[in-house]
Amino acid sequence: MMNSLYIAGEWLAGQGEAFQSLNPVTQQVLWAGEGATAAQVESAVQAARQAFPQWARRTLEERISVLEAFAAALKNHADELARTIGEETGKPLWEAATEVTSMVNKIAISVQSYRERTGEKSGPLGDATAVLRHKPHGVVAVFGPYNFPGHLPNGHIVPALLAGNSVLFKPSELTPKVAELTVKCWIEAGLPAGVLNLLQGARETGIALAANPGIDGLFFTGSSRTGNHLHQQFAGRPDKILALEMGGNNPLVVDQVADLDAAVYTIIQSAFISAGQRCTCARRLLVPQGAWGDSLLKRLVEVSSTIQVGAFDQQPAPFMGSVISLGAAKALMDAQEQLLANGAVALLEMTQPQAQSALLTPGIVDVTAVAERPDEELFGPLLQVIRYADFGAAITEANNTAYGLAAGLLSDSEARYQQFWLESRAGIVNWNKQLTGAASSAPFGGVGASGNHRASAYYAADYCAYPVASLETPSLVLPASLTPGVKMA
Ligand SMILES: NC(=O)c1ccc[n+]([C@@H]2O[C@H](COP(=O)([O-])OP(=O)(O)OC[C@H]3O[C@@H](n4cnc5c(N)ncnc54)[C@H](O)[C@@H]3O)[C@@H](O)[C@H]2O)c1
Ligand SMILES: O=CCC[C@H](NC(=O)CCC(=O)O)C(=O)O
């Protein structure tokens, strides 16, 4: 039995279901262990609760120094961490290395954000001083997705710890090895026992953690399906803070632009980076009807068919690795088949070259003729094209989704961008830039089915602490003039 859980500063074996993580290309077992049971979740909550007051009472500078030691530990283990991310998710090493860099950069950005958004302010108000300070919520649960198993949980954990919370980390069951290594970096940084606890496990562990009455909040990054479920579970609990970062069915509208190749390159970076497994990936490409749109698509297909796809450590490096699992590859192939059966036309068919590997080649399907297009996030390298008659119709189609994470416009017209910005409904609206690769120095979150108005990244500080407004004066003084109807004599 492997010691897969980290509770109260001790590694111990899970007593729940056994599970494994696999290299999605070779199916080699990378990690095997057991998940946490509800009783183990409870003991982790107790440990976090016990550790919370002391951690919260440390000065901000003391907490920052632990965070900086964590950044140093990440740098010490950067190669090992990038390799682990690559082998467990399938993403190429060059891309896994950028994920580690984002994790390191998160520390300084979170400190800056904490000071700017949740710092301390004071000023005179009448005969007192009005002071604004912030307090941590207490014990918070962090749920991570598999597509950025290091960077995205880190985007909740770092600001949560900085604000003085203690944390229960439930990573994706598909990427336990990255989570374990991340926690080891925190241990190396000297984080006190109980302040961060690792609860490995699949859905059952997640369900037990979300339902535990001892948590004060839950910060979630994952699918809209799970996020919605959590939102329902937290209904009627205004005492708990819930931050949901969920999926998208993101539109990228292409106007007739002068540089066709620049448009094609930007579309590829938007749709196929990370094998289409970014929440910000373009899922729907809106292309004008007519000859220019035809030539854009011809060139897009031509270039996309030369994209290098391969194992995470293949040399020369591929652009795209695999999707996360054979199951995910099958679901995507089935979704493509369903679209084709419903009237879509394959411009470049997505293929799975080897049945026992989760590598998929990029796919582009024209779904204009599909009568009822499913408003679903297809989390992989499958781009759906919709041809539009005029710009107004393109905007209507772009907004034809319950999601609202990212939307983009490729256009040489500033007036069209202004119209697009005003009329599109999403938390990220880009002009002539790829949809993916959002900056941690900006807020990151969506509307509609993509989030619950608690943006992450630079604004994560907002949901990690609550404001306390105080009116303060060192001695109690009777006012010179009393309110009518009160006599002190
Ligand atoms: N908006 C963002 O910031 C963002 C970023 C990355 C990924 N995503 C989204 O994440 C999804 C991919 O990630 P995923 O497939 O790992 O997500 P997921 O929803 O399947 O899982 C996320 C986490 O929730 C847990 N979980 C699953 N069911 C649960 C339940 N009923 N109760 C409690 N916990 C449960 C999982 O074990 C995992 O830890 C995509 O939809 C993507 O768009 C969003
Ligand atoms: O898969 C979803 C996240 C994708 C990524 N976004 C960020 O990294 C946001 C910044 C942050 O959280 O610090 C992207 O846009 O590529």
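One-based numbering, in listed order, for ligands and for the atoms of each. Heavy-atom basis, side chains included; hydrogens, waters and symmetry copies ignored. Here the structure is a predicted model, which is why all the values come from computation and not from measurement.
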If you count the atoms of ligand 1 from 1 in the order shown, which ones are under 4.0 Å from a heavy atom of Phe220?
-> 19 (O), 22 (C), 23 (C), 24 (O)
Heteroatom proximity flag, Leu435 to ligand 2, N/O under 3.5 Å = no
Closest heavy-atom pair and its distance - Phe420, Gly408 | CZ-O, 3.4 Å
Looking at Cys279, which atoms of ligand 2 are within less than 4.0 Å of one of its heavy atoms?
-> 1 (O), 2 (C), 3 (C), 4 (C)
Report yes or no: does a heavy atom of Ala210 sit under 4.0 Å from some atom of ligand 1?
-> no
Residue portion contacting ligand 1 (non-hydrogen atoms closer than 4.0 Å) for Tyr146 = both
Any side-chain donor-acceptor pair under 3.5 Å between Glu180 and Trp31?
-> yes
Under 4.0 Å, heavy atoms only, figure out whether ligand 2 is touched by the backbone of Asn147, its side chain, both or neither.
-> side chain
May I ask you to check whether Cys279 has an N/O atom sitting below 3.5 Å from an N/O atom of ligand 1?
-> no
Taking only heavy atoms of Lys170, which atoms of ligand 1 are found under 4.0 Å from at least one of them?
-> 36 (C), 37 (O), 38 (C), 39 (O)
Report yes if some N/O of Gly437 lies less than 3.5 Å from some N/O of ligand 2; otherwise report no.
-> yes
Glu245 side chain to His156 side chain, donor-acceptor N/O pair below 3.5 angstrom = no
Is a side-chain donor or acceptor of Glu99 paired with a backbone partner of His151 at a separation under 3.5 angstrom?
-> yes
Return yes or no for this condition: an N or O of Ser223 is under 3.5 Å from an N or O of ligand 1.
-> yes
Would you mind checking if Arg373 and Glu397 are paired as a salt bridge, meaning a charged N to carboxylate O distance below 4.0 Å?
-> yes
Report yes if some N/O of Leu152 lies less than 3.5 Å from some N/O of ligand 1; otherwise report no.
-> no
Scan Leu360, Leu378, Val365 and name whichever one has a side-chain contact (heavy atoms from CB on, under 4.5 Å) with Gln336.
-> Val365
Honestly, for Asn147 the part within reach of ligand 1 (heavy atoms, under 4.0 Å) is side chain
Closest to atom 13 (O) of ligand 1 among protein heavy atoms sits Pro145 CB, 3.4 Å
For Arg278, the ligand 2 atoms with a heavy-atom partner under 4.0 Å come out as 1 (O), 14 (C), 16 (O)
Of Glu377, Arg278, His151, His229, the residue with the heavy atom nearest atom 40 (C) of ligand 1 is Glu377
Considering only the protein, which heavy-atom contact is closest to atom 28 (N) of ligand 1, and what is its distance?
-> Arg203 CG, 3.2 Å
Using a strict cut-off of 4.0 Å, indicate which atoms of ligand 2 neighbour a heavy atom of Thr280.
-> 4 (C), 14 (C), 15 (O), 16 (O)
Consider ligand 2: state whether an atom of it lies below 4.0 angstrom from any non-hydrogen atom of Ser456.
-> no
Would you say the side-chain atoms of Asp313 pair up with the backbone N or O of Leu93, donor to acceptor, closer than 3.5 Å?
-> no
For atom 12 (C) of ligand 1, closest protein heavy-atom neighbour = Phe379 CE2, 3.9 Å
Judged by modelled atom types alone, do Ser223 and Thr226 share a side-chain donor-acceptor pair under 3.5 Å?
-> yes
Expected output: side-chain Asn452 to main-chain Leu244 donor-acceptor under 3.5 Å | yes
Do any nitrogen or oxygen atoms of Thr226 lie less than 3.5 angstrom from nitrogen or oxygen atoms of ligand 1?
-> yes
Should the ring pair His137 and Phe219 be called parallel, tilted or perpendicular, given that the plane angle runs from 0 to 90° and is split at 30 and 60?
-> perpendicular
Do any N or O atoms from the side chain of Asp375 and from the backbone of Ala402 form a donor-acceptor pair under 3.5 angstrom?
-> yes
Quick one: pull up CG in Asn342 and CD in Glu372 and give me the separation to the nearest 0.5 Å.
-> 9.5 Å
Asn249 side-chain N/O to Glu377 backbone N/O, donor-acceptor pair under 3.5 Å = no
Heavy-atom distance to atom 23 (C) of ligand 1: which of Gly144, Gly227, Gly222, Ala208 wins?
-> Gly144
Please determine if Lys330 and Asp334 form a salt bridge, counting it only when a charged side-chain N lies under 4.0 Å from a carboxylate O.
-> yes
For atom 32 (N) of ligand 1, which protein heavy atom lies nearest, and how many Å away is it?
-> Ile207 CG1, 3.6 Å
Heavy-atom pair of closest approach, residues Leu410 and Lys433 | CD2-N, 4.3 Å
Strictly by modelled atom types, are Ser270 and Gln434 linked by a side-chain donor-acceptor pair under 3.5 Å?
-> no
Quick one: sort the Phe70 and Trp186 rings into parallel, tilted or perpendicular, breaks at 30° and 60°.
-> parallel
Consider every N or O of Glu173 and every N or O of ligand 1, then say whether any pair is closer than 3.5 Å.
-> yes
Ligand 1 contact by Phe148, heavy-atom criterion under 4.0 angstrom = no
Gln112 and Glu116 side chains, donor-acceptor separation under 3.5 Å | no
Report the nearest protein non-hydrogen atom to atom 13 (O) of ligand 2: residue, atom name, distance rounded to 0.1 Å.
-> Ser440 OG, 2.5 Å
Which atoms form the tightest heavy-atom contact between Pro318 and Gly310, and what is the distance?
-> CB-N, 3.4 Å
Which protein non-hydrogen atom lies closest to atom 3 (O) of ligand 1, naming both residue and atom, and how far is it?
-> Phe444 CE2, 3.2 Å
Note: ligand 2 atoms sitting under 4.0 Å from heavy atoms of Lys106 are 11 (C), 12 (O), 13 (O)
Ligand 1 contact on Pro171 by region, counting heavy-atom pairs under 4.0 Å = backbone
Best match, Glu245, Gln277, His151, Met246: closest heavy atom to atom 8 (O) of ligand 2 | His151
Using a strict cut-off of 4.0 Å, indicate which atoms of ligand 1 neighbour a heavy atom of Glu245.
-> 1 (N), 2 (C), 3 (O), 44 (C)
N/O of Leu152 under 3.5 Å from N/O of ligand 2, yes or no?
-> no
Note the single closest protein heavy atom to atom 25 (C) of ligand 1, along with its residue, its atom name and the distance in Å.
-> Phe143 CD2, 4.0 Å
Atom 33 (C) of ligand 1 sits nearest the protein heavy atom Gly206 C, 3.4 Å
Does an N or O from Ser450, backbone or side chain, lie closer than 3.5 Å to an N or O of ligand 1?
-> no
Atom 6 (N) of ligand 2 - nearest protein heavy atom and its distance = Phe444 CZ, 3.5 Å
Ligand 1 N/O within reach of Met246 N/O, cut-off under 3.5 Å | yes
Decide whether a cation-pi geometry holds between Arg117 and Tyr458; the criteria are a distance under 6.0 Å from NZ or CZ to the six-membered ring centre and an angle within 45° of the ring axis.
-> no
Cut-off 3.5 Å, side chains only: do Ser274 and Arg278 have a donor facing an acceptor?
-> yes
Distance filter under 4.0 Å to Ser172 heavy atoms, resulting ligand 1 atoms = 39 (O)
